[in-house]
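Working notes, beginning with the structure itself.
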Amino acid sequence: GKKNNPITFETYGGKEPATINGKGDSCAIYAYNKSNFEIKNIAVTNHRDIVTKRDIFNGIYIVNEDAGALGNIYLTGVKVFDVNSSYEAWDDGKTDQTRYYGGVLFLVKGTKIPSSFNDIKVEGCRLENLSRTGCNFKSEWSNRSASSDFGDTLGKGIKDNWVPWNNIVFRNNIFRK
């Protein structure tokens with residue numbers, strides 16, 4: 001899609017939203033290095049009958065890997081439900097990685113090109129019964145201190161690599177267990 005003409009994925013016909021079922025796979029909807037799209041009036045589920053510590057997954061998983069600034073991404077009137085990813089980390093609690101799995105995850109990763117999401121809107125969505133997390137945002141471009149600038153050494157071999165995200169709107173959503 002284009003900034004003024006995004007690709008729209010939405011239910012066509014009928015009164016009930018179309019359902020995309022991930023059937024316990026890593027995610028039901030996956031967007032890798034994509035901009036200029038809207039997911040609208042669709043239901044998303046990703047349920048597995050038996051879940052182990054290593055079973056971590058999402059309903060919607062949007063990834064930016066070394067793609068610079070991606071944006072113009074809208075989730076409007078989407079229902080994400082019954083995603084039963086693991087609550088328990090596969091490393092027996094040494095990290096808290098399960099917080100990134102459940103309903104919707106926006107993830108920025110990579111080390112080559114400073115990257116971010118800009119112009120993201122999650123509006124009028126219903127997120128329910130989503131194991132640990134309804135919606136989360138994570139970036140590997142997030143190291144900084146209160147007084148550092150990009151490239152400064154922060155200690156322990158870590159450098160300030162913070163890239164801000166801009167124009168993130170979260171409005172009129174409902175979250176339920």
Side-chain angles (χ1 to χ4, degrees), residues 1-2 5-67 70-91 95-110 115-140 165 168-177:
K2 306 252 186 241
N5 190 19
I7 294 172
T8 301
F9 301 92
E10 75 178 301
T11 298
Y12 180 78
K15 293 182 181 179
E16 294 300 315
T19 299
I20 297 174
N21 187 342
K23 297 183 179 179
D25 205 346
S26 62
C27 56
I29 295 176
Y30 178 63
Y32 179 80
N33 288 350
K34 302 295 181 202
S35 279
N36 305 309
F37 68 90
E38 179 176 20
I39 300 171
K40 185 176 182 180
N41 300 323
I42 288 177
V44 177
T45 186
N46 198 6
H47 187 288
R48 187 178 294 173
D49 289 336
I50 298 172
V51 177
T52 70
K53 280 194 235 183
R54 295 205 176 271
D55 293 330
I56 49 175
F57 38 92
N58 294 95
I60 300 173
Y61 187 33
I62 300 171
V63 179
N64 174 345
E65 184 173 13
D66 287 326
L70 295 179
N72 196 28
I73 300 170
Y74 305 131
L75 306 181
T76 308
V78 175
K79 179 181 178 182
V80 183
F81 69 102
D82 293 342
V83 179
N84 66 331
S85 185
S86 176
Y87 282 89
E88 187 178 357
W90 56 91
D91 61 1
T95 63
D96 196 16
Q97 292 300 309
T98 60
R99 70 180 173 215
Y100 299 114
Y101 300 95
V104 179
L105 175 62
F106 289 86
L107 173 65
V108 175
K109 63 184 193 172
S115 298
S116 65
F117 283 114
N118 300 303
D119 192 22
I120 302 296
K121 190 185 315 179
V122 179
E123 183 170 25
C125 295
R126 184 177 188 100
L127 300 110
E128 56 189 42
N129 194 26
L130 300 172
S131 64
R132 169 106 190 246
T133 301
C135 186
N136 210 335
F137 304 85
K138 181 181 180 188
S139 178
E140 293 178 1
W165 296 19
I168 308 301
V169 176
F170 222 77
R171 182 173 33 227
N172 297 324
N173 299 293
I174 296 171
F175 292 83
R176 292 209 170 116
K177 167 88 175 98

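Both backbone and side-chain heavy atoms feed into the values below; hydrogens, waters and symmetry mates do not. Bear in mind that the values here come from a model prediction, so they are computed numbers and not experimental data. Throughout, numbering of the chain's residues begins at 1 and tracks the sequence.
In this structure R176 satisfies the salt bridge (Lys or Arg N to Asp or Glu O under 4.0 Å) test with no other residue, sequence neighbours excluded. Under the rule for a side-chain contact (heavy atoms from CB on, under 4.5 Å), the partners of Y32 that lie at least two apart in sequence or sit in another chain are Y30, V63, E65.
Distance alone, capped at 3.5 Å, is enough to place a donor-acceptor pair between the N64 side chain and the S116 backbone. Side-chain atoms of T76 do not come within 3.5 Å of backbone N or O of E123 as any donor-acceptor pair. Between the side chain of T45 and the backbone N or O of F81, at least one donor-acceptor pair lies under 3.5 Å.
Rounded to the nearest 0.5 angstrom, L105 CG and F137 CZ are separated by 9.0 Å. With values rounded to the nearest 0.5 angstrom, T8 atom OG1 is found 10.5 Å from F37 atom CZ. Rounded to the nearest 0.5 Å, atoms NZ (K40) and OG1 (T11) are 10.5 Å apart. Considering CG of D82 and CG of L130, their distance stands at 8.0 Å, rounded to 0.5 Å. The NZ atom of K34 sits 11.0 Å away from atom CD1 of I73, with the distance rounded to the nearest 0.5 Å. A distance of 6.0 Å separates NE2 in H47 from CG in D49, rounded to the nearest 0.5 Å.
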Full working for side chain to side chain contact (heavy atoms under 4.5 Å, CB included) between I60 and V78: CA-CA 10 Å; I60 300 173; V78 175; 4.1 Å; yes
Checking side chain to side chain contact (heavy atoms under 4.5 Å, CB included) for the pair W165/I120: CA distance, chi angles, key distance, verdict? CA-CA 9 Å; W165 296 19; I120 302 296; 5.6 Å; no
Stepwise, does the side chain to side chain contact (heavy atoms under 4.5 Å, CB included) test hold for F9 with I29? CA-CA 11 Å; F9 301 92; I29 295 176; over 6 Å; no
Would N46 and N58 count as a side chain to side chain contact (heavy atoms under 4.5 Å, CB included) if you check the C-alpha gap in whole Å, the side-chain angles of each, and the deciding distance to 0.1 Å? CA-CA 7 Å; N46 198 6; N58 294 95; 5.8 Å; no
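Contact between S35 and G71 at its shortest, heavy atoms only, is OG-N, 3.0 Å. In plain terms, the two heavy atoms of C125 and G77 that are nearest each other are SG-N, 3.9 Å. When every heavy atom of N41 is checked against every heavy atom of P17, the shortest pair comes out as O-CB, 3.4 Å. Looking at every heavy atom in both residues, A28 comes nearest to G22 through CB-N, 3.6 Å. Shortest non-hydrogen contact noted between N72 and K2 is ND2-O, 3.8 Å.
Using bins of under 30°, 30° to 60° and over 60° for the plane-to-plane angle, the ring pair F170/F175 lands in the parallel bin.
For the pair D25/F57, no side-chain contact is recorded, criterion being any heavy-atom separation below 4.5 Å from C-beta on. Residues F106 and V122 have side chains in contact (heavy-atom distance under 4.5 Å, counting atoms from C-beta outward). Between E128 and K79 there is a side-chain heavy-atom pair separated by less than 4.5 Å.
Comment: K109 does not engage E140 in a salt bridge, judged by the lack of any side-chain N to carboxylate O separation of less than 4.0 angstrom.
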